[in-house]
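Letters A, B, ... mirror the listed sequences (proteins, then strands); counts begin at 1. Computed over heavy atoms, backbone and side chain alike; hydrogens, waters and symmetry mates excluded. Every value quoted in this text rests on a predicted model; they were computed, and no experiment measured them.
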Number of protein chains: 4
Amino acid sequence: MSGTATDDDEILDGVYRALCNHGYADLTMQDIADECEKSTSLLHYHYDTKDDLLVAFLDGIITDYEQRLAGETERPPEQRLVTFLARFVFEPSEGHRESFHLALLEMRSQGPFDERIRDRLERSDTVLRETAAEILRDGVETGVFDPVDPDRTAALLVAALDGARTRQITLGDGQPDGSYTRVVVEELLAQVVDPLLGAGVDRPTLDTVLGDLERDEERS
Amino acid sequence: MSGTATDDDEILDGVYRALCNHGYADLTMQDIADECEKSTSLLHYHYDTKDDLLVAFLDGIITDYEQRLAGETERPPEQRLVTFLARFVFEPSEGHRESFHLALLEMRSQGPFDERIRDRLERSDTVLRETAAEILRDGVETGVFDPVDPDRTAALLVAALDGARTRQITLGDGQPDGSYTRVVVEELLAQVVDPLLGAGVDRPTLDTVLGDLERDEERS
Amino acid sequence: MSGTATDDDEILDGVYRALCNHGYADLTMQDIADECEKSTSLLHYHYDTKDDLLVAFLDGIITDYEQRLAGETERPPEQRLVTFLARFVFEPSEGHRESFHLALLEMRSQGPFDERIRDRLERSDTVLRETAAEILRDGVETGVFDPVDPDRTAALLVAALDGARTRQITLGDGQPDGSYTRVVVEELLAQVVDPLLGAGVDRPTLDTVLGDLERDEERS
Amino acid sequence: MSGTATDDDEILDGVYRALCNHGYADLTMQDIADECEKSTSLLHYHYDTKDDLLVAFLDGIITDYEQRLAGETERPPEQRLVTFLARFVFEPSEGHRESFHLALLEMRSQGPFDERIRDRLERSDTVLRETAAEILRDGVETGVFDPVDPDRTAALLVAALDGARTRQITLGDGQPDGSYTRVVVEELLAQVVDPLLGAGVDRPTLDTVLGDLERDEERS
DNA sequence: AATGAATGAGTTTTCATTCAT
DNA sequence: CATGAATGAAAACTCATTCAT
């Protein structure tokens, strides 16, 4: 089912760009073929059906995402938590990243009608939510955070982050001071995270962490 | 372009049901026609294009929504705020309402590609966010709430509500203790709203308000 | 099948205008209804089918035409012949008359596929050709014209007139000196009619006759 | 947009036959597909829209026609003129050719409503008229023809030929002695061309030329 | 490995016509 | 008389998919 790694990658890149430019509902195999400058026949040679291709695309981006979340277990909880939140901040000007989230959102709305898509989305969600809960649990256990229900607080955080992203994507930037995602993350830090910090615990500022993330990205 | 109110309503009801059963991406005029037991020709007789019909549908539900939000300005802010939050709570079992929100979500993801849809969504969003900000501003002015930036807190609340709804819709009910929306609203009340309340101010419980809302709905 | 004379007339006028504005191939009942500001239902009330309506329209204009051709039998053949030719001259600027001939042409091209239309067109053609032949026969018998075969010469005249009209309608006015119809009629007079005139016979000039026709039209 | 010459040709042949059998006004993509035994999808694969296909068809036949008109410049003017006229003669029995001219006539009546069709028709007309004028000009210069205005006489000839063809097509064969086109061409030769011939110039007879044309056609 | 040709099933849309009022 | 509502049949066009090469 999969040919040269390069070929597949070019095709999945095509899916990405096509999704950004046309949206899920209007996405055709031809759109994808155009974006990667191949023929639709070739797409079918690599992936039996359109659905297969879309699922493979989802798998790809989700795996990417999981890999980025992992491997940070050594740092202190309060730092990991801020990083977790900071990852969701993006500027409306970053048309690139915005489109990507939009593509994901569209696939999400398709989940209920496509079992295989739904499976991937659920896995992705589980990872996300458990990562947050895990950080909180860690913090509570080590006394960095006041005792809270990690699952419920994780639910709140993830919901707010997700909602902020969705709104910023679908509604554009109507915010006066900064992007929607930034405002929400700042408020989450001030109104939810800070009251949680144990006595004498200091968390890194959002800007510090954002700077770190940016530097990491540039290196890869 | 619009005939009897009743006629149009039957058609828009058909759109509603068709959206719930098929989703936006796969919605055909035939699906809608089937749901309202009319011919596709008739749909085109009343609405020139599919897009026209969908836009009319959006207009309808948004107007409905706005009317429901209005007319509550007399009650005290803390009560209005809880009601505002409570409106977003629903159980996964309510397949009906869930499907509807899903359909809306799909239309939202279509926004960036359809100007007319985008316009409606933006108007709807503005109303929602300003309603929340308005309640908060009221409360701050009357001393019911501690001084906060109403716009930023409204952004947080709306994002969390929206995200909770989206996740509950797209991911099904994986929650151990109650629906995702309920968990998030409860946490918002506990972690965001309660710290906001001025000394001596009591807010109604979520269950009380949910009961009230249910009673209201049954009456109409 | 026919209501008030006035109603029918308004409808047939609508057919005329619709035909001019949309062409036969794209003509819809709605186009006609729009032009006469009535409903399509009313059209069907007066004429059972679209075809019926079109046939009635053809009948109307053909009858008009025949009436104009008749009643000139008393004048001398050479005068009648020039008048016959002159009737075909029109300026490209007369958008009105041009459209009308176009409408007729379109119905003509539909003849082979519609028996009832074909019948009308054939009757109209017979009248036209026999009128020309009759004039020529008259002239030959009275010695005004040299002996020619009236039928064959009539065929030539009618073909040239018809062709000129068609070309002027469908191709617009690319002619350097005057309209296409005028050029052809002038050449017919010079190259076909004049060599036919018996010794000492004078025919009226084209301009004289055109002036007469114009005056006649204004009176009605 | 164009594949193998053969493929496209089969489709354009289908257009030809479909036009003959159904006429322009009632022509559907399905009709064309049936005639060339392909699917409508394939037609759309090769030509984006019905209009594109029709325009390509027009382009094809006009180019054919132009090529046939060219390459005869070496022969003497009186012979070329008779050939020019003879090309318009056809028998009503040739249902085939008749239908084709009918189809063309229908497209002509569509010209005023379709810019791209109009463009092609105008080009075709220009070629035709200038070919006739060119022959006449040649003959006048070399003394084969008496001095006449080549443009005006060309207009007369073309109009008569066109009209004859149109009438024969749309009205069927009501002629007693031979086809309408033959009668008109014969009369044009006798009444217009012969008086034009310089002293001592002989022109070929119509039958001779018709025989030649027929032989040419069989060879290809 | 890659493509152009080909298609069937389906989609939106059009339109003459009918019918209840 | 006159109309708006309603529809069935058919139109152009789309698109995922297949297949020969």
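Among F/dT3, E/dA2, E/dT13, the nucleotide with an atom closest to any side-chain atom of C/Ser39 is F/dT3. For D/Leu42, whose side chain is taken as the heavy atoms from C-beta onward, the closest listed nucleotide among F/dC13, E/dA5, F/dT3 is E/dA5. In the set E/dT17, E/dT14, F/dT3, E/dT14 carries the atom at the smallest distance from any side-chain atom of B/His44. Taking every side-chain heavy atom of A/Met29 into account, F/dA16 is the closest of F/dG4, E/dT17, F/dA16.
What separates OH of A/Tyr47 from P of F/dT18 is a distance of 17 Å, to the nearest Å. The CG atom of B/Asp26 sits 19 Å away from the P atom of F/dT14 (whole-angstrom rounding). For the pair A/Lys38 NZ and F/dT17 C1', the interatomic distance rounds to 20 Å; values are reported in whole Å. Atom CG in D/Leu43 sits roughly 14 Å away from atom P in F/dA11 (whole-Å rounding). In this structure, C/His22 atom NE2 and E/dA16 atom P are separated by 12 Å, rounded to whole Å. One atom, NZ of C/Lys50, and another, C1' of F/dA9, lie 15 Å apart when rounded to the nearest Å. E/dT11 atom C1' lies 15 Å from atom CG of B/Leu53, rounded to whole Å. For the pair A/Gln30 CD and E/dA5 P, the interatomic distance rounds to 13 Å; values are reported in whole Å.
Within the 4.5 Å cutoff, side-chain heavy atoms of D/Leu53 are placed close to those of D/Leu12. You'll find the side chain of C/Lys50 stays beyond 4.5 Å of the side chain of C/His44, heavy atoms only.
Nearer to the 5' terminus of DNA chain E, by closest-nucleotide assignment, is the contact made by D/Thr40 (compared with the other of D/Thr40 and B/Thr49). Comparing D/Glu37 and B/Asp51 along DNA chain E, the residue whose closest nucleotide (by nearest heavy atom) sits nearer the 5' end is D/Glu37.
The nucleotide E/dT14 finds its pairing partner in F/dA9, both defining distances of the Watson-Crick or G-U wobble pair being shorter than 3.5 Å. The nucleotide E/dA9 finds its pairing partner in F/dT14, both defining distances of the Watson-Crick or G-U wobble pair being shorter than 3.5 Å.
The base of F/dG8 sits with one of its N or O atoms less than 3.5 Å from a complementary donor or acceptor on the side chain of B/Ser41.
We find the OH-CG distance between C/Tyr47 and C/Leu54 to be 11.0 Å, quoted to the nearest 0.5 Å.
Note on C/Arg17 versus C/Asp31: no salt bridge recorded, every NZ/NE/NH1/NH2 to OD/OE distance being 4.0 Å or above.
OP1 or OP2 of F/dA5 sits under 4.0 Å from a side-chain N or O of B/Tyr45.
Side-chain N or O atoms of D/Thr63 include one that pairs as donor or acceptor with a backbone N or O of D/Asp59 at under 3.5 Å.
Among the atoms of the strands shown, only primed sugar atoms or phosphate atoms (P, OP1, OP2) are found under 4.0 Å from some heavy atom of A/Thr28. Heavy atoms of D/Leu27 sit under 4.0 angstrom from primed sugar atoms or phosphate atoms, though from no base atom.
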